[in-house]
Novice: 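I have a structure I would like to understand better, so I am pasting it below and will then ask my questions one at a time.
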Number of protein chains: 2
Amino acid sequence: MISNRELYPLISVDIALFSVVEETLKVLLVKRAQEPEAKKWALPGGVLKPDRDISLEATARRVLADKVAVELPHLEEVATYSGPDRDPRGWSIAVLFYALLPHDQVNALVRSKVEALSWENALSPENLLAFDHTAQLQAALEILRDKVVSHALPLHLMPEKFTLTALQRTCEAILGGPIDKSVFRRRIRGSHDLIELDEFVRGAQRPAHLYRASEGFKF
Amino acid sequence: MISNRELYPLISVDIALFSVVEETLKVLLVKRAQEPEAKKWALPGGVLKPDRDISLEATARRVLADKVAVELPHLEEVATYSGPDRDPRGWSIAVLFYALLPHDQVNALVRSKVEALSWENALSPENLLAFDHTAQLQAALEILRDKVVSHALPLHLMPEKFTLTALQRTCEAILGGPIDKSVFRRRIRGSHDLIELDEFVRGAQRPAHLYRASEGFKF
DNA sequence: AGAATAGTGTCTGTCAGACAGTATCGC
DNA sequence: GCGATACTGTCTGACAGACACTATTCT
């Protein structure tokens, strides 16, 4: 008898949802409740439902809506993983997406009785992940980094209004190292993606200008 | 009655196979023999066979082996296209790959009685393609360009031995515009991907040094 | 010699990295 | 004034674009 999976592979979607907590890049992990790989940590994912989903990106949005109670600003494909052995249930395809959650919305996680959610350090994960998710996370990180290196600003990770220093900290969190303040500011001065507001942050020091992302910026 | 496709989507692979003919970037197209979209030109593709393919990349290699009689040096994923409407047969997923064929092997096309093959100008295709293949071609081109812009040398498109001028012409074919010779040579001088041979091309002019790609170069 | 192609040298502007300096707040 | 943070100025080296120059072959 041949398995059903040899005719119809399992099609699912995995998501690397990134955010920034305490100036560190984090990724959302789920503790798997069911077999296979029960009790292991994994990237959130779910199977395609063709009767409900209009695309695989829609599948990803549906899966994410289960975990996070806010609209996600940014969702992008990374790569696809396939083969007969990566999932014990048989021939499977997983399309990996990454998503960015502004760090002022990190607490918008949905309470769930069946599964535990956790923000894990994205650059140096503590645990080995289920399936091929360690490789997936690595691939998502790489794309994220490439974008920032090639002068794209991770504005989707920022709250509506933010200071330049906060933006710099976010870039540093993604790249994993310090950036010279002068260099950083010189580079983004040429960018049309930022709009300077007439508002300031007042704290225990010199007030900082607030900025917001321009309407149709690209990441 | 619901269609079978609403339970099990059609999973296929499309390939943008690039090569260079007469210093122009070309892409291999197939004239579709069967419905749907019969007689329209399209990127070569085929459906996943889980009992035979060890991955979607393997599917792509199998499909290509039908069209081209040589081992392909380079095959890489571009993106995936999905949804209920992109193929009239119902919910479908197509994973797009691009592949590079050295331009001295452009004639290694397999004769086929059922389908016509053609090398089409990749930068400005003559015809509208079937399904969403026009968009797919555009996406594959973009990735190809990005790589060359970010200082990667398209050595997979070159024959085993080649001159620097030939390499430059290939880069120009991909980017669609001229490159300054001095700039080009200065940039690749720092590259460890090229090995200078002790051989020369003798023609009607000053002989040119031959080069080959180093073993483990990345593209 | 002249045509043709291979290959180099040089000038200039731009920009990144490094680091020091100035500005403006709370206390 | 002092600490802290925001923000700017400047020096230097590397590199890109542009373009002229030299080198080596064939006819």
Side-chain angles (χ1 to χ4, degrees), chain A residues 20 22-23 103 145-155 158-159 161-213, chain B residues 20 22-23 103 145-155 158-159 161-213:
Chain A
V20 172
E22 291 162 7
E23 304 198 340
H103 62 248
R145 279 225 178 92
D146 284 353
K147 293 227 175 190
V148 173
V149 168
S150 64
H151 301 201
L153 297 172
L155 298 176
M158 307 304 292
K161 300 174 184 179
F162 51 86
T163 66
L164 292 187
T165 302
L167 180 57
Q168 183 181 340
R169 294 283 174 272
T170 299
C171 288
E172 289 171 337
I174 293 173
L175 297 181
I179 305 174
D180 184 277
K181 179 163 43 172
S182 166
V183 172
F184 181 75
R185 292 169 111 95
R186 183 170 49 207
R187 271 188 10 194
I188 63 178
R189 193 160 305 159
S191 160
H192 290 263
D193 293 337
L194 288 184
I195 295 182
E196 187 177 293
L197 303 173
D198 284 332
E199 302 174 53
F200 293 84
V201 165
R202 311 192 75 84
Q205 316 85 14
R206 171 175 173 178
H209 245 110
L210 281 173
Y211 287 75
R212 67 171 176 83
Chain B
V20 172
E22 291 163 7
E23 303 197 342
H103 63 248
R145 280 226 177 92
D146 284 353
K147 293 226 176 192
V148 173
V149 168
S150 64
H151 301 201
L153 296 173
L155 297 176
M158 307 305 292
K161 301 173 183 179
F162 51 86
T163 66
L164 292 188
T165 302
L167 180 58
Q168 184 182 339
R169 294 283 173 273
T170 299
C171 288
E172 290 172 334
I174 294 172
L175 298 181
I179 305 174
D180 185 275
K181 178 165 45 171
S182 167
V183 172
F184 181 74
R185 291 169 112 96
R186 185 170 47 206
R187 269 186 15 190
I188 66 179
R189 192 159 306 158
S191 160
H192 291 262
D193 293 337
L194 287 183
I195 295 182
E196 187 176 292
L197 302 174
D198 285 332
E199 301 174 55
F200 293 85
V201 166
R202 310 192 75 84
Q205 316 85 16
R206 170 174 175 178
H209 246 110
L210 280 173
Y211 286 76
R212 67 170 176 84

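Small disclaimer: the values here were computed from a predicted structure and weren't measured. Just so it is clear: chains get the letters A, B, ... in the order the sequence lines come, proteins before strands, and each one is counted from 1.
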Novice: Without decimals, in angstroms, what is the distance between Ile179(A) CD1 and dC15(C) C1'?
Specialist: 16 Å

Novice: How far apart are the closest heavy atoms of Gln168(B) and Ile179(B), and which atoms are they?
Specialist: NE2-O, 2.8 Å

Novice: Starting at the 5' end of DNA chain C and moving along, which residue's nearest nucleotide shows up first, Thr163(B) or Gly203(A)?
Specialist: Thr163(B)

Novice: Do the side chain of Ser182(B) and the base of dG9(C) come within less than 3.5 angstrom through a donor-acceptor pair of N or O atoms?
Specialist: yes

Novice: Grab the CD-C1' distance between Gln205(B) and dG7(C) for me, whole Å please.
Specialist: 14 Å

Novice: Round to a whole Å and report the spacing from CD of Glu23(B) to C1' of dT5(C).
Specialist: 13 Å

Novice: Look up atom CG in Leu167(A) and atom CZ in Phe184(A), then write down how far apart they are to the nearest 0.5 Å.
Specialist: 4.0 Å

Novice: Heavy atoms only, 4.0 Å cut-off, all strands: where does Arg202(B) land among base, sugar-phosphate and nothing?
Specialist: sugar-phosphate

Novice: Could you tell me whether a side-chain N or O of Thr170(B) sits under 3.5 Å from a main-chain N or O of Ala166(B), the two making a donor and an acceptor?
Specialist: yes

Novice: Roughly how many Å is it from CD in Glu196(B) to C1' in dA6(C), rounded to a whole number?
Specialist: 12 Å

Novice: Rounded to the nearest angstrom, tell me the gap between atom NZ in Lys181(A) and atom P in dG21(C).
Specialist: 15 Å

Novice: Rounded to the nearest angstrom, tell me the gap between atom CD in Gln168(A) and atom P in dA16(C).
Specialist: 14 Å

Novice: Between Arg186(B) (CZ) and dC11(C) (C1'), how many Å, whole number?
Specialist: 11 Å

Novice: Over 60° means perpendicular and under 30° means parallel, so classify the ring planes of Tyr211(B) and Phe162(B), tilted if in between.
Specialist: parallel

Novice: Roughly, in whole Å, what's the span from NE2 in His209(B) to P in dA23(D)?
Specialist: 17 Å

Novice: From the options dT8(C), dA18(D), dA6(D), select the nucleotide whose nearest atom is closest to the side chain of Arg185(B).
Specialist: dT8(C)

Novice: Give a yes or no on this: more than 12 heavy atoms of other residues, nucleotides or ligands lie within 6.0 Å of atom CD of Glu22(B).
Specialist: no

Novice: Measuring from the side chain of Asp180(A) (C-beta onward, heavy atoms only), which nucleotide among dG7(C), dC25(C), dA18(C) has the closest atom?
Specialist: dA18(C)

Novice: Among dG7(C), dG17(D), dT5(D), which nucleotide sits nearest the side chain of Arg206(A)?
Specialist: dT5(D)

